Amino acid sequence: MDTNKAKKTRVVVIGIGAVGSTTAYTLLLRERMDELVLIDANQAKAVGDALDMNHGLPFLGRVRVWAGTYEDCREADIIIITAGAAQKPGESRIDLLKRNVAIYESIIAEVLKVNDHGILLIASNPVDIMSYFSLKKSGWPVNRVIGSGTLLDSARFRYLIGEKLNLDPRSVHAHIVGEHGDSELPLWSLANVAGTELVLDDADKEEIFTGTRDAAYQIIEAKGATYYAIALALDRICTAILRNEGAVLNVSTMLDNYHGVSDVYLGVPCIVDRTGVREIMKVNISDSERELLHRSADKLKNLIQSLSVQ
């Protein structure tokens with residue numbers, strides 16, 4: 001059998017700034033795909049990054065990396081969009097909204113010319129609204145338009161709980177849901193270690209959640225941008241898709257009567273496999289958590305309506 005004729009897996013990263021380049025490099029190091037394409041409005045930057053990565057191939061496997069054009073999206077299994085205006089110190093994610101919608105309008109139009117089968121993985125902030133906008137503009141099935149959601153927030157949450165309890169964060173099971181942003185909420189009612197309730201007082205919980213919610217602002221103030229952890233989160237989503245894992249990940253997806261919330265993208269636990277979001281996990285939450293989830297949804301719906309994104 002000629003294995004060269006087998007379909008090669010291809011991931012395209014659109015937007016080769018701090019997040020895009022770090023995500024591409026993470027995918028390369030872990031050899032997640034056969035082909036990796038970098039696209040940026042600044043073609044020279046994409047060319048430079050591709051060349052730099054290619055020089056490392058003797059230390060890695062046989063991944064093909066190049067700076068491409070939208071035509072290269074034609075054979076893409078996953079198209080990761082990280083393009084957009086950078087978040088400034090003190091600027092909320094929502095302040096980025098109008099600038100990034102205009103950028104996405106042109107990107108999605110170009111992708112649609114050549115690809116109707118791939119998965120759009122959205123990372124630009126505010127990610128829930130950008131994901132909603134991408135779904136509406138693409139017309140693709142909802143399972144194939146995924147936002148990075150609260151996967152990173154949940155990782156930050158688990159890390160801080162682990163630090164407080166002196167535990168490996170991989171052994172902590174805890175979720176942040178809702179907006180990837182200021183209205184996100186912790187599901188303390190579900191947080192556990194090996195099925196046992198976390199031994200934390202209210203002050204500890206408030207400290208952990210505040211540290212989770214405000215982590216991006218702290219990092220941006222210190223170094224200008226966040227990119228290492230979100231790159232790992234995007235790599236995790238790509239792996240679940242390409243390996244058809246059926247992994248439960250807190251990604252952003254369109255909700256339909258999820259605890260009474262509909263017609264908005266929010267981060268919630270979802271089963272992710274080769275089809276994208278295969279299923280939304282309707283986990284049990286408390287009445288107070290349900291109220292906070294509705295507040296988060298209402299905040300985003302109001303912003304979407306102000307943009308006339310329908």
Side-chain angles (χ1 to χ4, degrees), residues 18-19 22-23 26 80 82 86-87 89-94 96 121-128 130-131 146-193 198-240 247-253 265-270 272 281 283 285 289 292-293 296 299-300:
V19 172
T22 309
T23 298
T26 302
I80 306 173
T82 68
Q87 190 172 0
E91 181 182 38
S92 74
R93 293 182 176 98
I94 301 305
L96 294 170
L121 177 52
I122 310 302
S124 309
N125 281 319
V127 69
D128 305 291
M130 301 313 298
S131 301
I146 307 171
S148 54
T150 50
L151 184 59
L152 172 55
D153 311 79
S154 297
R156 289 168 171 159
F157 192 43
R158 293 167 60 200
Y159 165 75
L160 290 172
I161 292 171
E163 285 289 288
K164 182 66 71 174
L165 298 178
N166 193 27
L167 289 169
D168 186 328
R170 292 173 297 179
S171 297
V172 176
H173 303 283
H175 302 274
I176 298 289
V177 299
E179 175 200 7
H180 171 57
D182 298 337
S183 71
E184 66 188 31
L185 59 135
L187 297 184
W188 286 114
S189 65
L190 294 179
N192 72 88
V193 175
L198 300 181
V199 183
L200 294 167
D201 60 29
D202 289 344
D204 286 337
K205 288 181 177 180
E206 181 61 28
E207 177 189 347
I208 289 168
F209 174 60
T210 301
T212 299
R213 183 194 62 205
D214 298 342
Y217 298 127
Q218 180 183 1
I219 295 168
I220 290 166
E221 184 66 33
K223 67 169 192 168
T226 70
Y227 38 89
Y228 294 129
I230 185 59
L232 287 164
L234 293 168
D235 169 78
R236 183 68 192 91
I237 297 167
C238 287
T239 305
V248 176
L249 303 173
N250 286 21
V251 295
S252 187
T253 190
Y265 263 72
L266 289 177
V268 295
C270 297
V272 180
M281 306 289 288
V283 296
I285 60 178
E289 290 165 347
L292 290 172
L293 183 67
S296 188
K299 172 188 174 181
L300 295 184

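Each residue takes its place number in the sequence, starting with 1. None of the values given here were measured: they were computed from a predicted structure.
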Are [X] and [Y] packed together at the side-chain level, in the sense that at least one heavy-atom pair is separated by less than 4.5 angstrom?
X      : Y      : answer
Ile80  : Thr82  : yes
Asn125 : His180 : yes
Glu184 : Phe209 : yes
Val283 : Ile285 : yes
Leu165 : Leu200 : yes
Pro269 : Leu249 : no
Leu266 : Ser296 : yes
Lys164 : Glu207 : yes

Between [X] and [Y], is there a donor-acceptor pair closer than 3.5 Å when you use the side chain of the first and the backbone of the second?
X      : Y      : value
Thr26  : Thr22  : yes
Asp214 : Tyr217 : no
Arg158 : Pro169 : yes
Ser154 : Ile176 : yes
Asn192 : Leu190 : yes
Glu289 : Ser189 : yes

Using only heavy-atom distances, determine whether the side chains of Asp128 and Ser252 contain a donor-acceptor pair under 3.5 Å. yes

Residues His175 and Asn250: side-chain donor-acceptor under 3.5 angstrom: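 Yes.
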
Atom [atom1] of [X] and atom [atom2] of [Y]: how far apart are they, to the nearest 0.5 Å?
X      : Y      : atom1 : atom2 : result
Asp153 : Glu179 : CG    : CD    : 9.0 Å
Arg213 : Ser183 : CZ    : OG    : 10.5 Å
Asp201 : Lys205 : CG    : NZ    : 9.0 Å
Leu293 : Leu187 : CG    : CG    : 8.0 Å
Ser148 : Ile230 : OG    : CD1   : 4.0 Å
Thr212 : Ile208 : OG1   : CD1   : 7.5 Å

Test side-chain contact (heavy atoms from CB on, under 4.5 Å) applied to Tyr227 and Ile219, step by step: CA-CA 10 Å; Tyr227 38 89; Ile219 295 168; over 6 Å; no

In this structure, are over 12 heavy atoms from other groups packed under 6.0 Å from Asp202 atom CG?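 Not more than 12 within 6.0 Å, no.
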
